[in-house]
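The chains referred to below are lettered A, B, ... by the order of the sequence lines, with proteins before strands, and numbering in each begins at 1.
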Amino acid sequence: MNDFSEEDAFEQAGDRAGGLASRAMAARPAPYLDGLNPQQRAAVEALDGPVLMLAGAGTGKTKALTTRIAHLLNTGHARPNEILAVTFTNKAAREMKTRVARLLGQTVEGMPWMGTFHAICVKLLRRHAELVGLKTNFTILDTDDQIRLLKQLIAAEEIDEKRWPARQLAGLIDQWKNRAWTPAQVPASEASAYNHRGTELYDYYQQRLKTLNAVDFGDLLLHVLTIFREHDDVLAQYQRWFRYILVDEYQDTNVAQYMWLRLLAQGHRNICCVGDDDQSIYGWRGAEVGNILRFEKDFPGATVVKLEQNYRSTPHILAAASGVIDANQGRLGKTLFTDLTEGEKVRLIGHWDGEEEARWIGEEVEAMSGGRRGDTQRSLDDMAILVRASHQMRAFEDRFLTIGLPYRVIGGPRFYERMEIRDAMAYFRLAVSPDDDLAFERVVNTPKRGLGDKAQQKIQVTAREHGVNLVDGARILLSEKGLGGKGAAELRVLVDSIARWHDLAVGPVRAAPVEDGLVLEDLSQPDPRTRLSHIELAEQILEESGYTAHWQTDKTPEAPGRLENLKELVKALEQFENLQGFLEHVALIMDNETEEQGAKVSIMTLHAAKGLEFPCVFLPGWEDGLFPSQRSMDESGLKGLEEERRLAYVGITRAEEVCTISFAANRRVYGQWQSALPSRFIDELPEAHVDVLTPPGLYGGGYGAAGMSASASPKVMAEAGSNLHDRAAGANAYNSPGWRRMQERSQSRPMSQPRESRNMVIDMTASSSFTEGDRVFHNKFGYGTVAGIEGDKLDIEFEKAGRKKVVAKFIIEADRADDVPF
DNA sequence: GAAATCTTGCTTTTT
DNA sequence: GCAAGATTTC
């Protein structure tokens, strides 16, 4: 878990003899190379110089990457601690470690530099913290703390947080950090951000972090980058040290990560980047596809290897995925192929509404798991439902709950993000370091101690006046009798407790005799005299703080679960030597791998599905506006659409054997019914590889009779839209015949459709046609008169409900109100 | 200071 | 339609 001990290997950097000797060693046999195809083998054996491995979905990328590491080690090109191998997630790092170990048939002795960008940066930053004005024991803030800190700054600047939310500022700062801009480097073009105060507040925020001896996630990279840029000697040391650099998911790197890598790679120029431009789906959080597209320019003379043989999916699935991704511009261009010949076509089905879609998928899952769908009986573990947006999950959860189908949601709120875990962690943080003001703020009134805003403000003021941390501030406030009543007594107990916990966690500063004089004892070890393990200490903290009791008396349905989580948390401590080590781990490794037993269908977002594969995949909600997401297209235009298309590609390529795409004509969005057209990506599915499922009559009147799809069946759409000639002739998804036909059909919607959704359509097209004085009707507020128009909102004087501003699409002309139920 | 009520604004998410 | 946050009420 904690690999810091392994760092010692680096300390002996001066002693190169061992390394050189092992490097000079003749290559040992390499049985691990046998199972590779020619491209994989090329990627593994091109050890020196820059290498770009373009690895399509399911082409054995991790295999090639791990074999390459094994090969580097086996041939003596590098010692384990001279290889820098970066991933984005802890999961990927872990997988890489175990697979390298398996290849070499032994545990890899210390690969301390294999990990996420962030984990590696923490290591680097702890060594050189002083170069950016931090102490080596800096704390890493989570998003919660970050927002709280920003809120304080915003309040101090007397900015209206409602108009300029802290989240927005946090997002802005994050983006700037992703681009490797320190406050001084933010370009003038960003000056108008956050009401023209963005840059200034970013600067304040960084100052505040420095005084708190804290960093946020973005800082981990940015600080290290700053150190590299400002201290040539430090950079040179690492450039020399890292003989080989490997990067996973290169298409997901942002500017800061790219610069970081470039600087380090300038030493030996042995950098191997693995990625797939077609799977770049994180542009919205700063990833730059440009990095991978530019690789050959950035690293002249690079070897480029394409892995195109797919070992995952059937030919039809691959063809469908290729058909979709083909529509993107500026790809590096790969064509996946497979040796497989058998396989089902991609299945496409339309539904009347979202509920029916969920019902149908539920039945399919049951049929497949019961072996009732002709062929093989499959485990629920082999099936996944991949959605565009998490709110789509609800329909499936509801449905699966009612039919008793076991499911798991992947990527929900993670364990360490839960409120009770964060609260408990804040107590631990205070015990380890009472200077942690953010932790104090979090728990000072949790559980309720009668210390509200006023009392907290007093503590803040006192602390600031005396220039001390909040715990000491509270202590002073108490001694000055600046606080009365129940709160004072409770605060006294809290402050004393923190001091006691701190002693127990860190131990009093003890002097220990050492050969030449006195040195302080290692404070990271528990004081043997107290004989209190960190686990017992943790339990004691949770008891004495009243936090456990707080949830025991809580009668909300979540309370038992939260207590259970707290127990889990304490249990997780067992794997660590002390509280400090644990806190460090949690700050970076926020994953929750509590694998419950029993086969379950997985439900997750497309983003969460990247890197995973399932025999059967369901891709619901392929409707324009939902997928591709309207917001994506509005905000990022063609770039956004192309990223959505890559998401579609990722989705389809998750499937090994059966891939089922579906869409619904109607869906409830924000409580209102909305009609939607099938996704333009459906038009892009090549007809020859798609099997349109004609829905059985049992949905009587549903799909078959549905207006939208009455005759423009998915079959028609697939035929018309997938025709490559259309695209070649300059037609795009918007004006392909299939698309146009769909739109024509959608105009002449028969009456069988629910009235709400019919009105919705009329409303949307008519929304701009309101004028002041119009008599209108709203479902909830009743009749009223338009008093003003602001963008898409109408200012309406309602007869009963008063004056309100309402989005125009929820308003209809009064004379049409008779169509509206209720 | 805490509970009850009202308003608001809604992708994707890792570290 | 819903959940989180802000505001108002007790």
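Residue A:R163 contributes atom CZ, which lies 12 Å from atom P of B:dG9 at whole-angstrom precision. Atom CD in A:Q168 sits roughly 10 Å away from atom P in B:dC10 (whole-Å rounding). Nucleotide B:dT14 holds its P atom 12 Å from the CG atom of A:L612, rounded to whole Å. Note: NE2 (A:H391) to P (C:dA4) measures 16 Å, nearest angstrom. One atom, CG of A:D160, and another, P of B:dT8, lie 12 Å apart when rounded to the nearest Å. One atom, NZ of A:K639, and another, C1' of B:dT12, lie 16 Å apart when rounded to the nearest Å. Atoms CZ (A:R167) and P (B:dT11) sit 12 Å apart, rounded to a whole Å. Rounded to whole Å, atom P of B:dT15 lies 11 Å from atom NE2 of A:H585.
Side chain of A:T446 to main chain of A:R442: a donor-acceptor pair is present (N/O by atom type, distance under 3.5 Å, no hydrogens or angles). Judged by distance alone, the side chain of A:N254 and the main-chain N or O of A:G286 form no donor-acceptor pair under 3.5 Å. A:W284 places a side-chain N or O within donor-acceptor distance of the main-chain N or O of A:I281, the cut-off being under 3.5 Å. Under the 3.5 Å distance criterion, the side-chain polar atoms of A:R654 are matched with a main-chain donor or acceptor of A:L612.
Checking the phosphate oxygens (OP1, OP2) of B:dT15, a side-chain nitrogen or oxygen of A:N90 falls inside 4.0 Å. For A:R394, a side-chain nitrogen or oxygen approaches OP1 or OP2 of C:dA3 to under 4.0 Å. Dashed line: the shortest gap from a side-chain N or O of A:N254 to OP1 or OP2 of B:dT14 is not under 4.0 Å. Note on A:T605: a side-chain N or O is less than 4.0 Å away from OP1 or OP2 of B:dT13.
Under the rule for a side-chain contact (heavy atoms from CB on, under 4.5 Å), the partners of A:Q460 that lie at least two apart in sequence or sit in another chain are A:Q152, A:E441, A:R464, A:L470.
Residue contacts shown for A:E644 include a base, since a base heavy atom lies under 4.0 Å away. Counting non-hydrogen atoms under 4.0 angstrom, A:N445 reaches the backbone sugars and phosphates but no base.
The pair A:R667-A:E355 does not count as a salt bridge, with every side-chain nitrogen at least 4.0 angstrom from each carboxylate oxygen. A salt bridge does not link A:D174 with A:K177: every distance from a Lys NZ or Arg NE/NH1/NH2 to an Asp or Glu carboxylate oxygen is 4.0 Å or more. Between A:R359 and A:D353 there is no salt bridge, since no side-chain nitrogen of the basic residue lies less than 4.0 Å from a carboxylate oxygen of the acidic one. With respect to the salt-bridge test (charged N to carboxylate O, under 4.0 angstrom), the residues A:R646 and A:D277 do not qualify.
Residue side chain A:R388 reaches the base of B:dT12 through a donor-acceptor N/O pair under 3.5 Å, judged by distance alone.
Of all nucleotides listed (B:dT15, B:dT13, C:dG1), B:dT15 comes nearest to the side chain of A:T143. Across B:dT15, B:dT11, B:dT14, the shortest atom-to-atom separation from the side chain of A:T116 is found for B:dT15. Taking only side-chain atoms of A:T89, from C-beta outward, the nucleotide of B:dT11, B:dT14, B:dT13 with the closest atom is B:dT14. Here B:dT15 is the nucleotide among B:dT15, C:dA6, B:dT13 with the atom lying nearest to any side-chain atom of A:H118. Of the candidates B:dT11, B:dA2, B:dT15, B:dT11 carries the atom nearest the A:R631 side chain, counting heavy atoms from C-beta on.
DNA chain B lies under 4.0 Å from at least one heavy atom of each of the following residues of residues 449-461 of chain A: A:G450, A:G452, A:D453, A:K454.
In summary, the side chains of A:Y205 and A:D216 do present a donor paired with an acceptor at a separation below 3.5 Å, with no hydrogens or angles considered.
Both geometric conditions, a ring-centre gap below 5.5 Å and a plane tilt below 30°, are not fulfilled together for A:Y670 over the base of C:dC2.
Across C:dG5 and B:dT12, the matching P atoms stand 16 Å from one another, rounded to whole Å.
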Check nucleotides 7-10 of chain C for protein N or O atoms closer than 3.5 Å to its own N or O atoms and list the pairs.
from  : atom 1 : to     : atom 2 : distance (Å)
C:dT7 : OP1    : A:K162 : NZ     : 3.0

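Between A:Y258 and A:W260, the distance from one ring center to the other does not fall under 6.0 angstrom.
Both A:S390 and A:L220 lie near DNA chain B, and the one whose nearest nucleotide falls closer to the 5' end is A:S390.
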